[in-house]
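Right, one structure below, let's go through it.
In what follows, chains carry the letters A, B, and so on, assigned in the order in which the sequence lines appear, proteins first and then strands, with residues in each chain numbered from 1.
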Amino acid sequence: MTFSNTLIYWYLQNNRDLPWRKSRNPYFIWLSEIMLQQTRVAQGLSYYLKFTDTFPTVFDLAKADESTVLKMWQGLGYYSRARNLHFSAKQIANELNGEFPSTYKEIIKLKGIGDYTASAIASICFNEPTAVVDGNVYRVLSRYYGIKTPINSSAGIKEFKALAQTLIDESQPGTFNQAIMDFGALHCKPQNPLCDSCPFSGSCMALEKKLTNELPVKEKKIKVRKRYFNFLVIKTDDNKTILSERKGKGIWQGLFQFPLIESNKNINKNELVSSEEFIDLFPAETTISLFNEKEIVHKLSHQHLYTQFWIIETKKLNKATIKWTEIEKHPVPILIANFLETFLTKK
DNA sequence: TATACGTGGGA
DNA sequence: TTCCCAAGTAT
């Protein structure tokens, strides 16, 4: 048996029944692939159903406001995926007559689509034999072949792509690609892989050399930055608040938040009110209380946010305000959504 | 090319 | 608790 035959045989018996597998419509496959980037199926599934329900075609997605798309993406993370998805949807609808590009070379030109996603769509929807290399593929191949090249080095990226390309079943590339990913996700798992019942146990290099737990090799750990956020949750006499969009680079681009004062450490009320930014916002009299006695630590992949929510009661403001009931229409980071849920429930 | 970009689940 | 990490991409 070849590697590919063994794999596909396993897949035919063990594949997951997932909604996007009922279709070869590139729009649906594209949606699922973008949503599942760095995201577990269990987390992305409900978003996929919501998106395909609300936006059954690429034209529906293209017609929506970016803010609407981000609101629907709220909670899924890596929001640039949603912005790029929307950007590309408009391009497909308006410049390509709604027709999804049909080759790897053309697909990868779209914003938000890289080597992995272009390969996935090209193979699944158009039978182009181009191998996907995602986290599952790195794990399966590094173990089976005992390859110690770091998977996040440029040498590793090339080596594994080339290897996967030699293994792909050219007569059913989409099935092969999905099979190797499902096998990695369900069987050759990061922790506690099912080596006892593995169809490759007779020829797996990692199993033979007891290297399963050492592979794949990944170099360098990420550095985590600590930041201290003070959100100013305003309640005016006429029951309004301030919510503004995060612009420019950095986290949560395009999402909304309460006015934010960042500091070098957790600060107390006196330090808050004497800060320049605070005085700038509230020249008038205010009543202030700290909502969360203990800081909330919100962990992102590269940052730990030590967060305090300050409840500020004040008179009418001259700045741009919105009604409290309109907050929920805006996309917000999960940190803010969680706060709102607690705050509004307590009231 | 190294780094930034979210969130949640499992061990 | 802490750490890893999950169908990657952009810059």
Counting the benzene-type ring for Trp, do [X] and [Y] have ring centres under 6.0 Å apart?
{"X": "A:Phe343", "Y": "A:Trp324", "result": "yes"}
{"X": "A:Phe176", "Y": "A:Tyr11", "result": "no"}
{"X": "A:Phe51", "Y": "A:Tyr47", "result": "no"}

Interface with DNA chain B, restricted to residues 22-50 of chain A and to heavy atoms under 4.0 Å: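 Nucleic-acid contacts, sorted: A:Gln38, A:Thr39, A:Arg40, A:Gln43.
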
Selection: residues 295-302 of chain A, any non-hydrogen atom under 4.0 Å of DNA chain B: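 A:His298, A:Lys299, A:Leu300, A:Ser301, A:His302 - these, ordered by number, are the residues of the stretch whose heavy atoms sit under 4.0 Å from the strand.
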
From CA spacing to verdict: side chain to side chain donor-acceptor pair (under 3.5 Å), A:Gln303, A:Arg227: CA-CA 7 Å; A:Gln303 303 181 23; A:Arg227 300 175 76 178; 2.8 Å; yes

A:Arg83 and A:Glu66 ion-paired at < 4.0 Å: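 No, this pair does not count.
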
Check ion pair A:Lys209-A:Glu214 (N to O, under 4.0 angstrom):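 Looking at A:Lys209 and A:Glu214, the cut-off is not met.
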
For [X], which contact category applies under a 4.0 Å heavy-atom criterion: base, sugar-phosphate, or nothing?
{"X": "A:Arg246", "result": "nothing"}
{"X": "A:Asn152", "result": "nothing"}
{"X": "A:Gly75", "result": "sugar-phosphate"}
{"X": "A:Leu18", "result": "base"}
{"X": "A:Gln303", "result": "sugar-phosphate"}

Just the rounded figure in Å: distance from [atom2] of [N] to [atom1] of [X].
{"X": "A:Ile251", "N": "B:dT3", "atom1": "CD1", "atom2": "P", "answer": "19 Å"}
{"X": "A:Phe87", "N": "C:dA10", "atom1": "CZ", "atom2": "P", "answer": "11 Å"}
{"X": "A:Ile222", "N": "C:dC4", "atom1": "CD1", "atom2": "P", "answer": "9 Å"}
{"X": "A:Arg16", "N": "C:dA6", "atom1": "CZ", "atom2": "P", "answer": "12 Å"}
{"X": "A:Phe229", "N": "B:dG6", "atom1": "CZ", "atom2": "P", "answer": "11 Å"}
{"X": "A:Ile180", "N": "C:dA7", "atom1": "CD1", "atom2": "P", "answer": "12 Å"}
{"X": "A:Lys218", "N": "B:dT3", "atom1": "NZ", "atom2": "P", "answer": "14 Å"}
{"X": "A:Ile157", "N": "B:dT3", "atom1": "CD1", "atom2": "C1'", "answer": "13 Å"}

Flag if over 12 foreign heavy atoms under 6.0 Å of [atom1], [X]:
{"X": "A:Gln13", "atom1": "CD", "value": "yes"}
{"X": "A:Lys50", "atom1": "NZ", "value": "yes"}
{"X": "A:Lys226", "atom1": "NZ", "value": "no"}

Same-atom distance (P) from C:dT9 to B:dG8, integer angstrom: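 After rounding to an integer number of Å, I get 22 Å for this pair.
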
Inter-nucleotide P distance (C:dA7, B:dT3), Å rounded: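 Looking at atom P only, C:dA7 and B:dT3 are 23 Å apart.
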
Closest-nucleotide ordering on DNA chain B, the 5'-leading residue of A:Tyr79 and A:Lys189: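 Its nearest nucleotide lies further toward 5', so the answer is A:Tyr79.
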
5' precedence on DNA chain B between A:Asn192 and A:Leu76 (nearest-nucleotide basis):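 By nearest-heavy-atom nucleotide position, the 5'-most residue is A:Leu76.
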
Between A:Tyr116 and A:Glu33: side-chain donor-acceptor atoms closer than 3.5 Å: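 A donor-acceptor contact under 3.5 Å links the two side chains.
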
Check: A:Asn230/A:Ser263 side-chain N/O donor and acceptor closer than 3.5 Å: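 There is such a pair (donor and acceptor under 3.5 Å, judged by atom type) between the side chains of A:Asn230 and A:Ser263.
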
Just to confirm, is there a sub-4.0 Å distance from OP1 or OP2 of [N] to any side-chain nitrogen or oxygen of [X]?
{"X": "A:Arg139", "N": "C:dA6", "value": "yes"}
{"X": "A:Tyr78", "N": "B:dA4", "value": "no"}
{"X": "A:Thr117", "N": "C:dA7", "value": "no"}

Close residues, residues 120-138 of chain A, relative to DNA chain C [heavy-atom separation under 4.0 Å]: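 Those residues whose heavy atoms fall under 4.0 Å from DNA chain C, taken from residues 120-138 of chain A in numerical order, are A:Asp134, A:Gly135, A:Asn136.
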
Point-to-point distance, once rounded to the nearest 0.5 Å, from CG of A:Asp196 to SG of A:Cys198: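 Reported value, rounded in 0.5 Å steps: 10.0 Å.
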
Contact nearer the 5' end of DNA chain C, comparing A:Gly184 with A:Leu110: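 Residue closer to the 5' terminus by nearest nucleotide: A:Gly184.
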
Check: C:dA7 base within 3.5 Å donor-acceptor of A:Arg81 side chain: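 Counting by modelled atom types and ignoring angles, no donor-acceptor contact under 3.5 Å is found here.
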
Single-linkage hydrophobic cluster A:Met1~A:Phe183, side-chain heavy atoms < 4.5 angstrom: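 The answer is no; the residues belong to distinct hydrophobic clusters.
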
Closest nucleotide among C:dA7, C:dA6, B:dT7 to the A:Trp20 side chain: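 Closest nucleotide among those given: C:dA7.
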
